[in-house]
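Working notes, structure below.
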Amino acid sequence: MASTPDATACGKTLNDESHATSEEEEEGDWWAAVPVTALATEPNVAATIDACGGGSATAGADVDRKKSDDWWNGTPAKSTATPSPTTLTPAAPAAPCDLPCAPPSASMASVSPAGAPELSPLHGPAWEVLLKVARDGIITPFHRRAADELARVDQIHLATRLDTAVHAVGSQGKAAGRAERTAESVVTACWTRNREHPDGWGSSPGWRMGYVVGQAVIALCRARCGDATEAVKRLDLAIITGGPSAELRELIGCIVSEQPSAPKATALAFAVGGPHDPPPLCALAQPLQRLRLPGSDDPAGCKAAFNEQCFVPQQCAVVDGLQEGWTAAAAWGDIAGLVETHGHRWVPIEIGTWPDLEERLVSVRQFFEEYCANGADRPAYLAQHNLFEQLPTLQDHIAVPKLIGYIGATLIEQSVWWGTANTRTPLHYDTHNNFLAQVVGYKYVRLYAENQTPHLYAGTPRSGGGVASRYKAGVNMSQIGDVCEASAKDFPNLALAEFSEIVLGPGDTLYMPAGTWHYVRSLSPSMS
C-alpha cells in the first residue's frame, strides 16, 4: 500500500496478569540508561495511558519511568527495558560570573527564544527566598545523600566538588563564580558517566542525584545573575532526567511564573487549515474494527464487551467514548495560549524523519514558533515525553477512562506526543497493553498481531546515522522501520504478514495489546 502518515494518539497501557510487571521498551527517550520500572498499585494488573500529540519519530510508544520520589529514596531502579538510543549533548554552559554581575554575554548552544522572560539580578529578599526554596526542596534533602552515594562508588573527588559547589552557592563575588564552575564540572562528569558507561547511572543513585543537585546550583547562580532563560533550562533538564519534579517546579516558579510576551500566532502551523479537517486519504485496505461500549453508567456491560472483544482475545480496536469529558482538544489546540503560558519552559524534541533524526533541547515557544511554523523544512516531534511532570496543569484536560477501572487495571504511565505532519514511528511493539488517544489532528497506524513476528524482521533497525544509529539492539524493533516504504527486495517476507490499519482522528482511542507491532505516521499536525 502507498505510504500513509500516522495519526496522533494518546497511548494508554493496560497490563493483564501475564504483563503486569513487564516493562515497556523505551526507544524514544533522548537520554540513555535511565532506570525505569513499571509501577502497578494492584498485583497482577497494571495500565498505562499516553497522552500524545504528533506523529512519532521514534520507535518507542509508552514508557514507565521511576517517579522522582522513588529513585530519590536511594534504591537504584532495576529495569529490563531497552536503554534509550538518543543522545542530547548538554548545551555549552553560560560563562560563570562573579556576583554581583550583569547577565553573561557568552554564546549558548541553544539560542534563547524571542520573548524569553527577563529577570533582574537578584539581591536582598528575592534572592533569600529563592535560596531558601532551593535549600529546603533540593539541596538540603539530597546533597548529602548524593555526595555519600558518590563516595560509596569511589567518586570521592566528585563528592568533594559537589560539597564545594553547594557550600559556595550563597557566596558573593568570586566564590559564587567558583560555585557555578564547580557545579558544572559535577554535571559534566555525571552526564558523561550516563552516556559512556555500560551501566549508565544504574550502579548508584548518586550519579543522578549529583547531576540534579549540580543543575540546581547552576540555576541559582544564573538566576542571581539575572539569566532566567538559562536558569529555567537547567531546572527543566533536571526534571527531564528524573529529578523531583514538584520541588524543581516550585523553584522555577520562584524565578518566573509565566511567559509575558505575546506569541506570534500567525506563524503557528497547528492552526493552518484547522486541525479537525481530515486530510485527503485513500481507502484503507484492511480497516480496523471499532468498538462501541455501553454507556459509562453500565460498568458491567462495558467490562463484558471490552473483555470479550479486545482484552481476552488480545485484539486491537478503536474504542469509542473513552475521551468522554476531556477538554484537551480545545485547551491543547490553543497553541497561542500554550506559548503564552508555557513558552519559557524547555523540552526535548526530535527533528527530521526516520532514520535521520536529530535531537535538540528547545523552549516550548521555539518548538511551536520555529519548528512547527509554516514553511518549516523538517518534521519536529516532542515524542514519548512525560510532559505532565513538567507542566502538570496540562493534565487537567484529560481523565483516566472509566473503562480502566471497570476491568480492574491500574494506570501506570502517561506520555505526550506533539508534532508536525509526517512524523513517523518505526515498526516496533511494546510490552504493555496500551491506549493511544488522539487529541488533535490525524495519524495513520498500521498494526500486525504478535503471531506475524516471523515476517517482520525483528532486530536492530537499519539506519543511516544520527539518533537512529544509536538504537540499542532489541527484539521489539523491526529492521524494516517504515513499512509503507519498505523494499520488497530487502524485506520479501513483509508481503506475507497480515495487518490492519486505521486513521485516528480527534476523539479516537486505539487499544493495542502488548506485543502488537505498530507503525505510526502523522497525517497532519498532531497531539496525542
Side-chain angles (χ1 to χ4, degrees), residues 4 6-16 45 47-52 61-62 275-279 281-330 332-333 397-411 414 417 430 432-449 498-516 518 520 523-524 526-528:
T4 325
D6 73 29
T8 306
C10 206
K12 302 174 184 177
T13 300
L14 300 175
N15 294 335
D16 59 12
V45 184
T48 295
I49 292 185
D50 298 309
C52 39
D62 296 296
H276 299 287
D277 297 335
L281 297 171
C282 299
L284 298 178
Q286 304 291 336
L288 184 67
Q289 67 168 332
R290 285 182 174 268
L291 173 62
R292 182 66 187 178
L293 298 174
S296 59
D297 57 349
D298 181 8
C302 289
K303 177 179 179 179
F306 183 75
N307 280 344
E308 179 181 352
Q309 298 188 49
C310 296
F311 203 54
V312 173
Q314 292 293 275
Q315 294 291 320
C316 296
V318 175
V319 185
D320 292 335
L322 294 191
Q323 296 183 40
E324 179 182 351
W326 288 26
T327 58
W332 296 3
H397 303 290
I398 66 171
V400 178
K402 295 178 181 178
L403 176 64
I404 291 180
Y406 294 165
I407 63 175
T410 302
L411 173 65
Q414 299 180 93
W417 284 259
D430 301 310
H432 281 147
N433 303 315
N434 291 277
F435 280 123
L436 176 60
Q438 187 65 19
V439 177
V440 174
Y442 294 83
K443 283 185 173 176
Y444 169 82
V445 185
R446 183 179 290 193
L447 302 151
Y448 297 86
E498 298 178 356
F499 66 88
S500 57
E501 55 190 350
I502 189 69
V503 171
L504 297 177
D508 286 340
T509 304
L510 170 64
Y511 170 70
M512 293 184 290
T516 300
H518 50 288
V520 187
L523 299 171
S524 72
S526 172
M527 301 177 120
S528 311

Are any non-hydrogen side-chain atoms of [X] and [Y] less than 4.5 angstrom apart?
{"X": "His518", "Y": "Phe499", "result": "no"}
{"X": "Tyr448", "Y": "Ser500", "result": "no"}
{"X": "Leu288", "Y": "Val445", "result": "no"}

> Does any N or O in the side chain of Gln286 come within less than 3.5 Å of the main-chain N or O of Glu501, such that one atom is a donor and the other an acceptor?
Replying inline: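 No.
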>> When you measure from the side chain of Ser524 to the backbone of Gly441, do you find a donor-acceptor pair of N or O atoms at a distance under 3.5 Å?
In response: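 No.
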> How would you list, by chain and number, every residue that makes a salt bridge (Lys or Arg N to Asp or Glu O under 4.0 Å) with Asp298, sequence neighbours excluded?
Replying inline: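 None.
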>> Taking side chain to side chain contact (heavy atoms under 4.5 Å, CB included) as the definition, give me every residue that meets it alongside Ala328, ordered by chain and number, with sequence neighbours left out.
In response: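 Residues passing side chain to side chain contact (heavy atoms under 4.5 Å, CB included) with Ala328: Trp332, His397, Ile398, Val439.
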> side chain to side chain contact (heavy atoms under 4.5 Å, CB included) with Gln289: which residues, sequence neighbours excluded?
Replying inline: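 With sequence neighbours excluded, Gln289 shows a side chain to side chain contact (heavy atoms under 4.5 Å, CB included) to Gln309, Gln315, Ala317, given in chain and number order.
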> Between Tyr511 and Phe306, does the ring centre distance come in under 6.0 Å?
Replying inline: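 Yes; Phe306 has its ring centre under 6.0 Å from that of Tyr511.
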>> Suppose the criterion is salt bridge (Lys or Arg N to Asp or Glu O under 4.0 Å): which pairs have a residue in residues 287-296, not counting sequence neighbours?
In response: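 Those involving residues 287-296 are Arg290-Asp320, Arg290-Asp508.
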> Any salt bridge (Lys or Arg N to Asp or Glu O under 4.0 Å) pairs touching residues 302-317, not counting sequence neighbours?
Replying inline: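 Of all non-adjacent pairs touching residues 302-317, none passes salt bridge (Lys or Arg N to Asp or Glu O under 4.0 Å).
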> What closest approach, in Å, do Cys302 and Leu293 show between heavy atoms, and which atom pair accounts for it?
Replying inline: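 So the minimum-distance heavy-atom pair works out to O-CD2, 3.9 Å.
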